[in-house]
**Student:** 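Have a look at this one.
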Amino acid sequence: MLTALTRAVSPSIDRCQLSRMPRQAIDFARADAQHREYESYLRELGAAVISLEGEPEMPDSVFVEDPAVVLDEIAVIARMGADARRAETESVARALAKFRMLRCIGEPGTLEGGDVVRVETSFFVGLSERTNAAGIEQFAGFVEMFGYSVEAVPVTGCLHLKSACCYLGRETLLANRAWFDAAPLRRFRILDVAPEEPWAADVLAVGDAIVMPDSFPATRRILEREGFDVRAVDISELTKAEAGVTCMSLLFETTGPSAG
Ligand code: GLY
């Protein structure tokens, strides 16, 4: 069963980490409503949503993708590049331990799930402000034994690789190539975001559907022309905390009764 791990928006989200955007007031009730709508979309697309309790003292904790990477075989628990976010991993690890054996990135490594793009059995990991070479090396040590390959991808224009590049399925990626070195991905087909929508590459493939923010209509048309089934969701309030649709869930398959 497809399972989506999520976490309620923290009431302290307006104290979130920001790397590229100016700080703006965030309407918590609106952000929370948009997050619930996002969870409803995941349910509509067939996922069993496990929503973790909110963490009032962890402003960025709605971004559950960053503390872990889940494979069929194991879950890798991150050591987050942002010191202020390190405590987020504990409850995510507890939740994932019901489904997977855990492996943990250790000092001096840092790695955040937002930097990890998977294309079938190939992992491309952003070498970024949040993920360092030691973290990528440790990650490779955990996953290569299961037949996955791992390549580092220098990220220059955004926080995480997934802000610039996401896998759509069908050996095709959506990307803003101005923000990262696309050379390691050259064997795949790359669709470019519309030039006027540089933030549009962060999209979430759920089964055969592509979930994306409703604020990128030109890129949506590009995907629809290519035959992708696009579902647009309003995350405008969450975007003030630099949210993307990928970073608010961890998707993985489960077989056991723990998914709800
Ligand atoms: N606000 C998301 C992050 O900086 O990690």
**Student:** Salt bridge or not between Arg130 and Asp115? Use side-chain N to carboxylate O under 4.0 Å.
**Tutor:**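 Looking at Asp115 together with Arg130, the answer is no, because their closest N to O distance does not fall below 4.0 Å.
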**Student:** Is NZ or CZ of Arg170 both nearer than 6.0 Å to the six-membered ring centre of Phe188 and within 45° of the ring axis?
**Tutor:**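 No cation-pi geometry.
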**Student:** Which residue, Glu88, Glu55, Glu65, forms the salt bridge (charged side-chain N to carboxylate O under 4.0 Å, His left out) with Arg7?
**Tutor:**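 By the salt bridge (charged side-chain N to carboxylate O under 4.0 Å, His left out) criterion, Arg7 pairs with just one of Glu88, Glu55, Glu65: Glu55.
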**Student:** Taking atom types as modelled, find out whether Thr131 and Glu112 have a side-chain donor-acceptor pair closer than 3.5 angstrom.
**Tutor:**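 No.
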**Student:** Please indicate whether Glu196 has more than 12 foreign heavy atoms, meaning atoms of other residues, nucleotides or ligands, lying under 6.0 Å from its CD.
**Tutor:**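 More than 12 heavy atoms, drawn from other residues, nucleotides or ligands, come within 6.0 Å of this atom.
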**Student:** Would you say Leu223 and Leu168 make side-chain contact, with heavy atoms under 4.5 Å?
**Tutor:**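 Yes - at least one pair of side-chain heavy atoms lies under 4.5 Å apart.
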**Student:** Taking only Lys NZ, Arg NE, NH1 and NH2, and the carboxylate oxygens of Asp or Glu, determine whether Arg231 and Asp229 approach each other closer than 4.0 Å.
**Tutor:**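 Asp229 and Arg231: salt-bridged.
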**Student:** List the steps and the verdict of side-chain contact (heavy atoms from CB on, under 4.5 Å) for Arg118 and Tyr167.
**Tutor:** CA-CA 7 Å; Arg118 178 176 167 183; Tyr167 184 49; over 6 Å; no
**Student:** Kindly check if the number of other-residue, nucleotide or ligand heavy atoms within 6.0 Å of CG (Asp208) is above 12?
**Tutor:**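 At most 12 heavy atoms, drawn from other residues, nucleotides or ligands, come within 6.0 Å of this atom.
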**Student:** Near Arg36 CZ, under 6.0 Å, is it more than 12 heavy atoms from other residues, nucleotides or ligands?
**Tutor:**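 No, CZ of Arg36 has 12 or fewer neighbouring heavy atoms, counting only those of other groups under 6.0 Å.
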**Student:** Can you tell if the side chain of Met248 reaches within under 4.5 Å of the side chain of Thr6, non-hydrogen atoms only?
**Tutor:**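 Result no, sub-4.5 Å side-chain heavy-atom pair not found.
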**Student:** Salt bridge (charged side-chain N to carboxylate O under 4.0 Å, His left out) with Arg187: which of Glu151, Glu171, Glu120?
**Tutor:**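 Passing option: Glu151.
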**Student:** I'd like to know if the side chain of Asp202 pairs up with that of Ser163 as donor and acceptor (distance under 3.5 Å, no hydrogens or angles considered).
**Tutor:**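 Judged by distance alone, the side chains do not pair up.
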**Student:** Under a 3.5 Å cutoff, is there a donor and acceptor pairing between the side chains of Ser10 and Ser61?
**Tutor:**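 The criterion, which ignores hydrogens and geometry beyond distance, is not satisfied for Ser61 and Ser10.
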**Student:** Between Val143 and Leu71, is there a side-chain heavy-atom distance shorter than 4.5 Å?
**Tutor:**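 Heavy-atom side-chain distance check passes, below 4.5 Å.
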**Student:** Thr3 and Glu253: side-chain donor and acceptor closer than 3.5 Å?
**Tutor:**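 No, no side-chain donor-acceptor contact under 3.5 Å.
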**Student:** Determine whether the side chains of Glu129 and Ser19 contain a donor N or O and an acceptor N or O closer than 3.5 Å.
**Tutor:**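 No, no side-chain donor-acceptor contact under 3.5 Å.
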**Student:** Report the C-alpha separation of Val206 and Tyr41 in whole Å, then their side-chain angles, then the decisive distance to 0.1 Å, and conclude whether the side-chain contact (heavy atoms from CB on, under 4.5 Å) test is met.
**Tutor:** CA-CA 10 Å; Val206 185; Tyr41 259 94; over 6 Å; no
**Student:** Does some side-chain heavy atom of Ile77 sit less than 4.5 Å from a side-chain heavy atom of Leu96?
**Tutor:**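 Heavy-atom side-chain distance check passes, below 4.5 Å.
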**Student:** Apply side-chain hydrogen bond (donor to acceptor under 3.5 Å, both in side chains) to residues Glu57 and Ser12 and explain how you reach the verdict.
**Tutor:** CA-CA 7 Å; Glu57 295 309 317; Ser12 62; 5.7 Å; no
